[in-house]
Amino acid sequence: MNFTDFDFHSRIKGGIQAAGYTHPTPIQERALGPALQGRDIMGLAQTGTGKTAAFVLPMLQRLIQGPGRGVRALIVAPTRELAEQTHQAINILGRRTGLRSVTIYGGVSIHRQAQDLKRGADIVVACPGRLLDHLGRNAIDLAGVAVLVIDEADQMLDMGFLPDIRRILGHLPRRRQSLLFSATMPGEIRKLAGDLLTDPVTVQIGIAKPVETVQHALFPVAAHLKTPLLLKLLPRTNAGSVLVFTRTKHRAKRLGEQLARAGYRSASLQGNLSQNRRQAALDGFRDGTFQILVATDIAARGIDVAKVSHVINYDVPATTDAYIHRIGRTGRAYRSGDAFTLVTAEDDAMVRAIDRVLGHRVERRTLADFDYRVSPPRRDTEFTRPRRPSIMARPAKAARQFHGSRRAFQ
Ligand code: AMP
């Protein structure tokens with residue numbers, strides 16, 4: 001199948017060319033036809049399958065042909081990174097259409113966004129909370145929306161956004177085309193789909209299966225030797241772009257700093273960063289300034305960096321879905337990649353679950369030139385936080401309570 005099999009407007013064909021796409025990916029093959037006919041779509045696809053273009057292209061076609069002014073398409077995304085990425089895809093694919101896309105998310109000036117909207121937007125790519133803020137101020141009118149896309153619906157559910165989504169739906173006209181994308185289909189998403197979609201075409205691509213071009217390997221190691229082992233592994237990544245996952249924001253920050261001290265061009269991406277610093281870390285990773293990006297699941301969800309060669313799970317993910325989402329960052333759209341996971345004895349249950357979801361026993365690897373016998377330090381201080389000096393000035397009882405409660409949450 002070829003993109004010429006679809007009757008795209010010549011200006012959209014130009015955008016497809018500009019993006020360098022020659023053949024549609026499987027989800028595009030199956031979703032583009034019905035979406036171009038105006039059908040509602042339930043897309044079950046993980047990130048990395050080309051799902052963005054599967055909804056952006058038909059949306060552009062409808063807007064370029066259709067009547068109306070003002071915001072005519074709304075895309076709701078769980079994270080600002082995903083919103084920004086989708087906005088960029090629209091700018092590339094729609095560059096010859098003259099259609100204008102605006103992003104709406106928190107962490108940046110609401111006034112500037114309101115001004116952007118005033119200047120006129122055909123497409124809005126938004127995160128739910130900030131979109132509701134704009135709706136509350138009457139800064140945006142969604143009455144003319146002809147196409148609605150809800151992207152990564154299962155992530156919205158995980159982040160507690162479903163009530164916000166339902167409130168947003170109340171601002172949209174009933175007659176519209178709706179497309180819902182989700183990697184998994186928990187009961188709540190099934191229900192949302194039932195309420196939102198009319199006679200939808202379901203397009204399912206490799207649900208809960210990782211991208212097939214990825215090689216997986218597990219590296220059993222004691223917790224205190226993870227960083228030394230990572231430093232041994234990194235020279236084997238052939239200077240490709242490496243995305244490293246940690247369990248917490250704090251561990252991401254610390255590991256990013258440790259790698260920088262070891263001489264790597266590395267940055268970390270975690271929720272505590274300002275929007276500017278997140279964008280700088282992402283841009284630097286994209287353009288190769290940083291070889292390594294250390295991130296948490298939430299920070300990295302949906303990030304599309306085309307040439308990630310290695311995903312390294314410094315900490316195992318909490319769920320197999322999270323594993324698949326992490327690994328979805330490499331081997332994207334026909335490229336191949338490596339997925340390394342450092343596992344400790346405590347990760348046994350997760351290791352078995354990963355074996356199960358991949359359908360085979362994942363290769364266990366040990367490095368011949370690595371000393372696995374180094375004993376742990378008497379107290380593992382690698383990731384402990386520095387004590388706050390101010391606490392020393394507090395009465396002894398308050399200090400005890402403070403440290404006691406902190407420990408309980410670690
Ligand atoms: P997505 O799943 O939408 O995040 O897309 C994953 C990656 O695949 C992005 O880098 C897209 O630019 C790329 N991509 C999407 N469609 C195609 C296509 N038809 N041919 C080649 N690459 C594509």
Side-chain angles (χ1 to χ4, degrees), residues 1-6 8 12-33 35-36 41-61 75-95 101 103 123 125 149-155 179-184 203-214 240-241 243 282-283 285-288 293 295 299-309 311 321 324-337:
M1 204 170 210
N2 207 299
F3 278 109
T4 48
D5 296 333
F6 302 100
F8 282 118
I12 298 177
K13 283 184 191 150
I16 297 171
Q17 254 172 9
Y21 303 167
T22 50
H23 295 83
T25 64
I27 190 160
Q28 292 162 5
E29 277 190 11
R30 290 164 56 187
L32 285 176
L36 283 166
I41 303 274
M42 176 69 237
L44 277 151
Q46 58 179 307
T47 181
T49 53
K51 67 180 165 68
T52 314
F55 62 75
V56 166
L57 291 170
M59 189 186 77
L60 293 172
Q61 176 94 346
I75 300 165
V76 189
T79 62
R80 18 191 183 183
E81 281 79 13
L82 184 62
E84 201 52 52
Q85 214 163 270
T86 305
H87 168 73
Q88 280 163 19
I90 293 167
N91 283 344
I92 293 171
L93 294 169
R95 60 194 272 176
S101 162
T103 49
I123 304 165
V125 191
V149 179
I150 310 266
D151 198 8
E152 303 210 345
D154 49 354
Q155 173 72 354
L179 301 91
L180 180 67
F181 287 84
S182 192
T184 57
V203 181
Q204 181 165 347
I205 301 291
I207 177 96
K209 278 274 180 240
V211 185
E212 278 165 15
T213 47
V214 176
S241 290
L243 186 54
L282 260 179
D283 290 346
F285 188 52
R286 244 185 220 121
D287 67 20
L293 186 68
R301 180 88 187 213
I303 287 175
D304 170 30
V305 176
K307 53 182 197 334
V308 173
S309 61
V311 167
D321 269 0
I324 288 160
H325 280 293
R326 288 181 179 186
I327 301 315
R329 306 288 93 72
T330 187
R332 296 170 79 89
Y334 309 127
R335 291 186 181 86
S336 62

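Remember, predicted model here, so these are calculated numbers, not experimental data. Just follow the structure's listing: the first ligand is 1, and inside any ligand the first atom is 1.
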Undergrad: Which ligand 1 atoms, with their elements, are less than 4.0 angstrom from a heavy-atom of Lys51?
TA: 1 (P), 2 (O), 3 (O)
Undergrad: If we set the cut-off at 4.0 Å for heavy atoms, which region of Phe3 has an atom near ligand 1: side chain, backbone, both, or neither?
TA: side chain
Undergrad: Indicate yes or no for a side-chain donor-acceptor contact from Ser182 to the backbone of Asp154 under 3.5 Å, with no hydrogens or angles considered.
TA: yes
Undergrad: The criterion is side-chain contact (heavy atoms from CB on, under 4.5 Å); which residues satisfy it with Ile92, sequence neighbours excluded?
TA: Ala19
Undergrad: Report yes if some heavy atom in the side chain of Ile123 is under 4.5 Å from a heavy atom in the side chain of Leu60; otherwise report no.
TA: yes
Undergrad: Going by the atom numbers of ligand 1, which of them fall below 4.0 Å from some non-hydrogen atom of Thr25?
TA: 16 (N), 17 (C), 18 (C), 19 (N)
Undergrad: If only atom types and distance count, is the side chain of Gln28 paired as donor or acceptor with the main-chain N or O of Thr25 below 3.5 Å?
TA: yes
Undergrad: side-chain contact (heavy atoms from CB on, under 4.5 Å) with Gln17: which residues, sequence neighbours excluded?
TA: none
Undergrad: For the 3.5 Å polar cut-off, considering only N or O atoms, please tell me whether Gln28 and ligand 1 meet it.
TA: yes
Undergrad: Which ligand 1 atoms does His23 reach within 4.0 Å, using its non-hydrogen atoms?
TA: 18 (C), 19 (N), 20 (N)
Undergrad: Which one holds for Gln85 and ligand 1: side chain close, backbone close, both close, or neither close, with close meaning a heavy atom under 4.0 Å?
TA: neither
Undergrad: With heavy-atom distances below 4.0 Å as the criterion, list the atoms of ligand 1 near Thr52.
TA: 1 (P), 3 (O), 4 (O)
Undergrad: Checking side-chain polar atoms at under 3.5 Å, does Thr103 have a donor or acceptor matched by the opposite partner on His87?
TA: no
Undergrad: Near Gly50, which atoms of ligand 1 are under 4.0 Å from a heavy atom of that residue?
TA: 1 (P), 2 (O), 3 (O), 5 (O), 15 (C)
